[in-house]
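Labels below follow one simple rule: chain letters A, B, ... track the order of the sequence lines, proteins then strands, and each chain is numbered from 1.
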Amino acid sequence: MTPGRFPPRVRIAPSPTGAPHVGTAYVALFNRTFAKKHGGQFILRIEDTDRTRSTRESEDAIYRALRWLGLDWDEGPDVGGPCAPYRQSERSAIYADHARMLLDNGTAYRCFCTAERLEELRAFQRAAKRPPGYDGLCRKIPKDESDRRATAAEPFVIRLRIPDDGATAFDDLLRGRIEIANKDVDDQVLMKSDGFPTYHLANVVDDKLMGITHVMRAEEWIPSTPKHLLLYRAFGWEPPVFCHLPLLRNQDKSKISKRKNPTSLEWYQEQGYLPAALLNFLALMGWTTNDNTEIFSVDRMLEEFAPETITTSSPVFDLTKLDWLNGEYIRALATDALTDKLIAFYAERGRTLDRALMLRIVPLVRERLKKLVEFDEMTQFFFTDAITIDLAEFDAAKKLTPDQRKQALTAALAVVRGTTPFTKDAMEAPMKAALESLGFKMGDFFMCLRIAITGKRATPPLLESMEVLGQDVCVRRIEAALRLLG
RNA sequence: GGCCCUGUCGUCUAGCCUGGUCUAGGACAUCGCCCUUUCAAGGCGGUAACACGGGUUCAAAUCCCGUCAGGGUCACCA
């Protein structure tokens with residue numbers, strides 16, 4: 001059984017700086033699943049304490065992306081909740097009060113060091129091959145002097161006073177006991193000189209005030225967890241249970257980055273990945289069902305999920321497998337449902353698709369699509385009369401001379417002209433008959449026709465496609481191809 | 001560099017806690033064959049892994065130690 005208070009209250013705390021990140025969805029999925037399974041709450045908190053980088057557009061994009069995935073939250077800036085506000089920039093007074101508490105009980109101190117001095121300090125430490133870190137100069141400033149300088153409007157930050165010796169330990173839900181010597185922990189800045197808190201202060205204060213019971217966050221936070229623990233102690237608070245999730249990685253094993261991988265959730269949406277497939281894939285990155293089934297819904301995950309069953313090693317993000325999974329989800333969709341998704345998908349990019357026509361085309365491409373965006377390329381020839389044919393494409397009919405290719409098309413044209421009703425079934429026999437009288441290889445014969453009709457070598461089923469296109473269009477295209485062949 | 005995390009097929013993983021049933025299972029990718037008018041989809045089959053070295057034990061992927069490797073982190077970013 002998972003330790004900690006139940007029902008759980010968990011959160012994700014994305015920073016609205018840039019495009020909504022796939023890692024945010026990853027962490028959100030595990031947090032939300034855990035909360036839902038135990039009747040708890042999943043909270044979205046916006047960590048916009050970095051005033052120079054946070055934007056409202058980015059915040060809105062996070063909402064959109066998470067909602068697109070169906071990762072909705074019980075409490076958050078846009079939906080409110082009992083612990084509002086959920087946007088840290090609106091909680092400044094709270095952090096200031098809490099920083100004051102630490103100043104008063106001596107667990108934190110003002111630091112008046114300039115950025116220049118800190119820069120020099122780091123340069124010196126680097127040169128001396130010493131680990132970088134604050135040297136504690138301002139620790140020694142007496143309380144009254146500190147107060148006086150603050151009153152005199154001298155700029156300062158507030159730092160946490162880390163004990164010189166001893167160690168800080170915690171039991172990570174996934175990794176067991178982790179202990180870090182205090183001498184290896186820096187006197188972390190809690191309040192910046194602009195009066196805004198750093199992540200460390202804000203996250204601890206908010207987690208406490210919002211009743212967070214379990215902190216499930218990325219592994220990269222392990223080294224700063226002692227700071228957070230020490231903060232809880234400084235406030236006299238009971239810390240939550242910590243669970244450090246594996247990091248998504250690039251092919252080269254480094255932490256996933258936008259230079260080496262698509263990390264924006266908007267990209268996945270634009271490519272036409274289905275939310276259910278992306279979620280399934282993300283879950284697979286570190287977790288599996290009891291019987292190792294690979295294709296499963298969020299509901300199934302809800303039934304079997306326990307945070308301690310997440311793997312500890314960080315998975316490489318493998319788009320190829322996502323593509324396969326997405327294809328599986330697309331193929332599992334009924335024609336009707338896939339059609340609706342495609343229509344909606346293209347409506348968003350300003351293209352209107354006729355539903356009746358779509359209902360005829362979709363069955364022809366359903367098992368060929370890995371992503372919705374591929375529909376466009378795959379079906380162009382249905383939507384434009386201006387197909388372009390590269391003469392070289394006809395070389396795909398390897399065994400046929402240029403003259404024989406014309407013969408093939410001429411024969412096919414006769415069949416097309418003479419077939420009523422113009423259906424695949426009606427065309428089949430006469431086409432085969434024409435082919436036989438010519439004595440060509442079936443593949444070559446149909447390849448000529450395929451290129452004449454679609455302009456491409458790889459297409460949906462040919463006769464079915466022709467049926468959808470209609471007799472007139474097919475006649476025109478074969479005639480055009482014949483002219484092209486001379 | 002210090003500290004911390006991790007180490008099963010190319011990739012995601014099952015197995016590890018509670019050693020023997022593991023000549024290590026599944027999936028993606030890849031290769032071959034079948035199906036087939038193209039491309040897919042589907043079917044069948046193949047290649048492919050316990051990082052290394054010591055121990056403990058009748059027996060280790062599984063327990064212990066060490067080494068090595070990879071990653072993360074060392075900001076008035078989160």
Side-chain angles (χ1 to χ4, degrees), chain A residues 13-17 47-50 52-54 111 113 115 118-119 122 125-126 129-134 155-159 172 174-175 178-181 183-186 188-200 202-203 217-226 244 246-247 249 251-255 281 284-288 290-295 311-325 327-328 331 364-370 378 396-397 428 431-432 435 441-451 454 456-463:
Chain A
S15 193
T17 54
E47 305 242 349
D48 57 349
T49 54
D50 184 339
T52 58
R53 295 199 303 152
S54 298
C111 171
C113 293
L118 296 176
E119 196 53 53
R122 272 192 287 272
Q125 288 164 332
R126 218 176 306 125
K129 290 205 164 70
R130 299 296 312 156
Y134 185 60
F156 64 87
V157 300
I158 295 177
R159 287 182 186 272
D172 188 90
L174 291 184
R175 299 154 206 274
I178 296 177
E179 183 174 295
I180 296 177
K183 68 172 170 54
D184 293 320
V185 183
D186 203 9
Q188 183 60 50
V189 171
L190 302 177
M191 290 290 276
K192 305 177 230 180
S193 54
D194 64 2
F196 271 67
T198 59
Y199 167 85
H200 305 282
N203 128 79
R217 58 174 18 168
E219 182 184 17
E220 57 189 331
W221 292 105
I222 290 177
S224 52
T225 302
H244 289 96
L247 235 33
R249 307 205 241 185
Q251 286 274 296
D252 65 3
K253 313 278 189 173
S254 57
K255 178 165 81 169
F281 175 70
L284 232 28
M285 299 273 96
W287 187 79
T288 64
N290 293 334
D291 62 0
N292 212 8
T293 303
E294 312 238 18
I295 300 178
T311 58
T312 46
S313 58
S314 297
V316 170
F317 195 82
D318 181 11
L319 268 187
T320 311
K321 189 152 186 173
L322 205 211
D323 283 348
W324 162 75
L325 240 196
E328 288 284 329
R331 270 172 259 133
L364 305 182
V365 299
R366 193 171 89 236
E367 63 196 22
R368 293 170 171 75
L369 288 175
K370 283 193 163 67
M378 202 173 282
E428 194 124 46
M431 276 296 179
K432 294 255 164 81
L435 163 66
K441 277 192 66 185
M442 192 186 279
D444 287 336
F445 175 83
F446 282 106
M447 185 53 82
C448 290
L449 183 55
R450 163 171 293 105
I451 289 164
T454 69
K456 290 192 250 185
R457 299 181 182 193
T459 71
L462 184 55
L463 263 21

### Task
Scan every strand shown for a Watson-Crick or G-U wobble partner of rU47(B), both distances under 3.5 Å, and answer none if you come up empty.
none
### Query
Where the side chain of Arg175(A) meets the backbone of His244(A), is there a donor-acceptor pair that is under 3.5 Å apart?
yes
## Note on the structure
pair_partner(rA41(B)), Watson-Crick or wobble, both distances < 3.5 Å, evaluates to none
### Summary
In whole angstroms, the gap separating C1' of rU30(B) from CH2 of Trp324(A) amounts to 16 Å
### Message
Rounded to whole Å, please give me the gap between CD1 in Ile295(A) and P in rU13(B).
### Response
17 Å
### Task
Give none if rU21(B) has no partner; otherwise give the nucleotide forming a Watson-Crick or G-U wobble pair with it, both distances under 3.5 Å.
none
### Message
Considering every strand and a 4.0 Å limit on heavy-atom distances, what is the contact class for Thr293(A): base, sugar-phosphate, or nothing?
### Response
nothing
### Query
So do the side chains of Met431(A) and Leu462(A) get within less than 4.5 Å of each other, counting heavy atoms only?
no
### Message
Rounded at 0.5 Å granularity, tell me how far CZ in Phe281(A) sits from CG in Leu319(A).
### Response
6.5 Å
### Message
Return whichever of Phe317(A) or Ile180(A) has its heavy-atom-nearest nucleotide of RNA chain B closer to the 5' end.
### Response
Ile180(A)
#### Entry: Atom-pair distance (CG on Leu325(A); P on rU11(B)), nearest Å
19 Å
### Query
Do the side chain of Lys321(A) and the base of rA27(B) come within less than 3.5 angstrom through a donor-acceptor pair of N or O atoms?
yes
### Query
What distance, rounded to whole Å, do you find between the two P atoms, one in rC64(B) and one in rU57(B)?
16 Å
### Message
Which nucleotide, if any, forms a Watson-Crick or G-U wobble pair with rC68(B), using both distances under 3.5 Å?
### Response
rG7(B)
### Message
Within a 6.0 Å radius of atom CD on Gln251(A), are there more than 12 heavy atoms belonging to other residues, nucleotides or ligands?
### Response
no
#### Entry: Summary of protein contacts for nucleotides 66-78 of chain B, nucleotide by nucleotide, where a base hit scores B, a sugar-phosphate-only hit scores S (4.0 Å, heavy atoms)
----SSBSSSBBB
### Message
Using side chain to side chain donor-acceptor pair (under 3.5 Å), reason through Ser314(A) and Glu219(A) one step at a time and then give a plain yes or no.
### Response
CA-CA 9 Å; Ser314(A) 297; Glu219(A) 182 184 17; 3.1 Å; yes
### Query
How would you label the contact of Gly286(A) with the nucleic acid (heavy atoms, under 4.0 Å): base, sugar-phosphate, or nothing?
sugar-phosphate
### Query
Nearest-Å distance, CG (Asn292(A)) to P (rC16(B))?
13 Å
### Task
Could you tell me whether a side-chain N or O of Gln125(A) sits under 3.5 Å from a main-chain N or O of Gly133(A), the two making a donor and an acceptor?
yes
#### Entry: Separation of the P atoms in rU73(B) and rC65(B), to the nearest angstrom
27 Å
### Message
Would you measure the distance from the C1' atom in rC63(B) across to the matching atom in rA27(B) and give it in whole Å?
### Response
30 Å
### Message
Quick check: any donor-acceptor pair below 3.5 Å linking the side-chain of Arg175(A) to the base of rC5(B)?
### Response
no
#### Entry: Nearest-0.5 Å distance, CD1 of residue Ile178(A) to CD1 of residue Ile222(A)
4.0 Å
### Counterpart base for rU73(B), defined by Watson-Crick or G-U wobble contacts under 3.5 Å
rG2(B)
#### Entry: Test item: Met442(A) and Phe445(A) side chains (from C-beta on) under 4.5 Å apart, heavy atoms
no
### Query
Roughly how far apart, to the nearest Å, are rC76(B) and rA49(B) at atom P?
48 Å
### Task
Identify whether any heavy atom of Arg126(A) sits under 4.0 Å from a base atom; if not, whether one sits that close to sugar-phosphate; answer base, sugar-phosphate or nothing.
nothing
### Task
Compare the minimum distances between each of rU13(B), rC12(B), rC5(B) and the side chain of Ile222(A), then state the nucleotide with the smallest one.
rC5(B)
### Query
Taking the C1' atom of each, how far is rU8(B) from rA69(B), in whole Å?
15 Å
### Task
Please state how far atom CG in Leu284(A) lies from atom P in rU13(B), giving the value in whole angstrom units.
8 Å
### Message
Any strand counts, and the cut-off is 3.5 Å on both contacts for Watson-Crick or G-U wobble. Which nucleotide pairs with rA29(B)?
### Response
none
### Task
May I ask you to decide if the ring planes of His200(A) and Trp221(A) are parallel, tilted or perpendicular, using 30° and 60° as cut-offs?
perpendicular
### Task
Please measure how far the C1' atom in rG15(B) lies from the corresponding atom in rC9(B), and state the result in whole Å.
14 Å
### Query
Base, sugar-phosphate, or nothing for Glu328(A), non-hydrogen atoms under 4.0 angstrom?
sugar-phosphate
### Task
For nucleotides rU67(B) and rA75(B), find the distance between their P atoms and express it as a whole number of Å.
27 Å
### Query
Is the closest side-chain heavy-atom distance between Cys113(A) and Tyr134(A) below 4.5 Å?
yes
### Message
Tell me whether the count of non-hydrogen atoms from other residues, nucleotides or ligands lying under 6.0 Å of NZ in Lys192(A) goes above 12.
### Response
yes
### Message
Output the rounded distance in Å from NZ (Lys370(A)) to P (rC39(B)).
### Response
14 Å
### Query
Looking only at atom types and distance, does a side-chain atom of Thr454(A) sit under 3.5 Å from a main-chain N or O of Lys456(A), one as donor and one as acceptor?
yes
### Touch class at under 4.0 angstrom, heavy-atom based, for Glu179(A) against every strand present
sugar-phosphate
### Query
Rounded to the nearest Å, what distance is computed from the CG atom of residue Asp318(A) to the P atom of nucleotide rU11(B)?
10 Å
### Query
Taking atom P of rA27(B) as reference, at what distance in whole Å does atom CZ of Phe281(A) sit?
17 Å
### Asp186(A) (side chain) donor-acceptor with Gln188(A) (main chain) under 3.5 angstrom
no
### Test side-chain contact (heavy atoms from CB on, under 4.5 Å) applied to Cys111(A) and Val157(A), Ile158(A), Val189(A), the passing residue
Val157(A)
Distances for protein N/O vs nucleotides 61-65 of chain B N/O pairs under 3.5 angstrom?
none

### Message
Please give the distance between the P atoms of rG19(B) and rC58(B) as a whole number of Å.
### Response
15 Å
### Query
Closest to the Met285(A) side chain: rC28(B), rU6(B), rC12(B)?
rC12(B)
## Note on the structure
If pairing means Watson-Crick or G-U wobble with both distances under 3.5 Å, then the partner of rA78(B) is none
### Message
Please report the interatomic distance OG1(Thr52(A)) to CZ(Phe196(A)), rounded to the nearest 0.5 Å.
### Response
11.0 Å
### Query
Mind checking who rC35(B) pairs with, Watson-Crick or G-U wobble, both distances under 3.5 Å?
none
Atom pairs under 3.5 Å: protein N/O with N/O of nucleotides 32-37 of chain B:
| residue | atom | partner | partner atom | Å |
| --- | --- | --- | --- | --- |
| rU37(B) | O2 | Arg450(A) | NH2 | 3.1 |

